[in-house]
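Step one of this worksheet: look at the structure below.
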Amino acid sequence: MAVEVRVPAILQSAVGGQKVLKVEGRTVGEILDRLEQQFPGIKKLLLDENGEIRRHINIYLNDEDVRFLQRLDTPARDGDVLSILPALAGGQDHALR
Amino acid sequence: MVKMPVNVYIGTPLRRFTGNQARVQVEARDVAEALDRLAARFPGLKAELFDEAGRLRRYVNVYVNSQEIEDLAGPNTPVRDGDEIAVVPALAGGAAPRTLTPEQVIRYSRHMIMPEIGGAGQRKLLGSSVLVIGAGGLGSPAILYLAAAGVGRIGVVDFDVVDLSNLQRQIIHHTDDIGRPKVESARDTVRRLNPDVEVVPYNTPLTSANALDIIKDYDVVVNGSDNFPTRYLVNDACVLLKKPLVDASVFKFDAQVTVFMPGRGCYRCLYPAPPPPGAVPNCAEAGVFGVVTGLVGCIQATEAIKLILGLGEPLVGRLLLIDTLAMDFRTVKIRRNPNCPVCGDNPTITELIDYEAFCGVPVLAQS
């Protein structure tokens with residue numbers, strides 16, 4: 001069950017600078033676990049202490065927000081695309097200050 | 001039925017096609033025939049009156065003895081000796097100007113020639129207002145295109161001054177504007193582009209104290225803000241005032257764009273909380289591919305104009321994701337969250353809050 005994981009520019013440094021990764025897993029949660037094995041530290045950027053998806057992060061399976069599916073238990077199929085979408089503020093120069 | 005000589009009154013903006021004649025006589029049995037005769041005699045007029053399919057354009061109103069032909073028999077309305085047909089660009093009520101000047105007819109002719117916009121749509125644009133938050137990377141192209149399109153009143157909120165490092169993407173400002181307030185520079189550029197447009201400058205940070213007062217006077221809000229407190233502030237204010245919000249953000253080579261319509265979800269439904277301070281680098285730290293802000297600002301202007309004109313399918317309930325390195329555009333679904341604290345079924349946020357505290361960042365320092 002290889003899923004294509006798309007990593008936004010803002011998180012690419014946490015996965016060795018890659019934009020697209022092929023990751024195995026039967027559910028969204030399993031995919032994140034596999035990702036964590038390959039790139040320790042990525043999971044805590046996406047999930048909070050309680051294992052919930054952080055509120056400034058959206059995880060999409062294909063074009064659906066997994067919050068509206070079965071969250072981390074959402075089943076993934078071969079060829080699915082998992083996208084990580086963090087909130088961005090930019091546009092101009094001085095973001096958070 | 002014999003053909004009768006009838007007088008045709010030519011509306012002022014169309015007289016440049018009739019050698020400045022205000023009244024022309026043609027022989028015809030009905031309106032359609034009269035207009036055909038007119039078009040045959042004045043070839044320039046033909047394209048003004050008819051679309052490619054030969055239908056009368058929506059922005060041209062035709063009257064017989066002061067009655068709109070739509071209330072009579074349309075183009076088949078018969079005419080008799082002594083009747084007067086009047087051919088004038090459409091008129092509309094409300095804040096929209098009732099007529100266009102000859103200069104405006106030429107300036108906006110590429111809009112008006114399209115039946116989807118026509119004279120009525122163009123007058124709607126001239127009577128409309130858009131508030132642009134930030135005259136930066138996104139705001140610059142958005143303001144320029146809104147102004148070029150003839151949006152009558154454009155509010156611009158920005159407390160910053162033009163910096164040399166802005167000019168790689170903030171195309172409304174020029175090298176000799178460095179050090180000037182961005183709202184002044186933006187206003188001057190728009191003046192040179194289109195004197196029909198009034199720019200209302202707000203040389204101030206948008207705050208919980210002034211946001212409702214500023215936003216309430218506009219039809220549509222375009223968000224080009226560069227920080228999370230402002231992003232949540234603009235969102236909440238638009239929800240409270242029921243204003244459509246064209247939202248976008250850019251990071252390096254990527255961008256996200258969407259439109260939030262009252263009652264159909266908001267920024268908090270998409271991102272209930274901002275990232276912790278320091279988790280997300282800003283443009284100054286991470287860099288931004290200047291042309292991406294141009295692309296995205298133009299998409300925002302497109303959506304704002306579509307909303308004003310009621311044209312097409314707005315980018316509502318969809319988040320457009322742009323990756324310019326792959327030149328990949330795709331949309332994902334976004335939904336209203338019934339538990340949203342501001343736009344949900346039982347909102348807990350019913351007035352503007354302290355957004356610096358909400359986002360855990362210090363009060364904006366004037367740069």
Separation of B:Arg318 CZ from A:Asp63 CG (nearest 0.5 Å): 11.0 Å
Contact part of B:Ala255 toward chain A, heavy-atom cut-off under 4.5 Å: side chain, backbone, both or neither? neither
Can you confirm whether A:Leu88 sits close enough to B:Gln256 that some side-chain heavy atom of one is under 4.5 Å from a side-chain heavy atom of the other? yes
Please look at B:Asp328 and chain A and tell me whether the side chain, the backbone, both or neither of the residue comes under 4.5 angstrom of a heavy atom of that chain. side chain
With side chain to side chain contact (heavy atoms under 4.5 Å, CB included) as the criterion, how do A:Asn58 and B:Leu270 come out once you've worked through the C-alpha distance, each side chain's angles and the decisive distance to 0.1 Å? CA-CA 8 Å; A:Asn58 286 325; B:Leu270 182 62; 3.3 Å; yes
Which atoms of B:Tyr267 are under 4.5 Å from chain A, going by heavy atoms: the side chain, the backbone, both sets, or neither? side chain
For A:Ala89 against B:Arg231, the heavy-atom pair lying closest together: O-NH2, 3.1 Å
Evaluation steps, side chain to side chain contact (heavy atoms under 4.5 Å, CB included), between A:Leu85 and B:Leu319: CA-CA 10 Å; A:Leu85 301 179; B:Leu319 179 66; 3.9 Å; yes
When the 4.5 angstrom heavy-atom criterion is applied to A:Leu11 and chain B, the contacting part is neither
With a 4.5 angstrom heavy-atom cut-off, which part of B:Pro272 approaches chain A: side chain, backbone, both or neither? both
Given heavy-atom pairs under 4.5 angstrom as the criterion, report whether the side chain, backbone, both or neither of B:Ser140 touches chain A. neither
For a quick test of reading the model, state the closest non-hydrogen atom pair linking B:Val332 to A:Asn62 and the distance between them. CG1-O, 4.0 Å
Quick one: does NZ or CZ of B:Arg335 land under 6.0 Å from the six-membered ring centre of A:Phe68, within 45 degrees of the ring axis? yes
Of the listed B:Val296, B:Asp323, B:Asn223, B:Thr331, the one with the largest count of heavy-atom pairs under 4.5 Å with chain A is B:Asp323
Minimum side-chain heavy-atom gap A:Arg55-B:Pro274 below 4.5 Å: no
Decide if atom CG of B:Asp345 counts as having more than 12 heavy atoms of other residues, nucleotides or ligands within a radius under 6.0 Å. yes
In terms of heavy-atom contacts, does OH of B:Tyr145 have more than 12 from other residues, nucleotides or ligands at under 6.0 Å? no
If you compare all heavy atoms of B:Tyr271 against all heavy atoms of A:Pro86, which two are closest, and at what distance to 0.1 Å? OH-O, 3.1 Å
Check whether B:Leu321 gets within reach of chain A through its side chain, its backbone, both or neither, counting any heavy atom under 4.5 Å. side chain
Can you find a pair of side-chain heavy atoms, one from B:Arg330 and one from A:Arg6, that are under 4.5 Å apart? yes
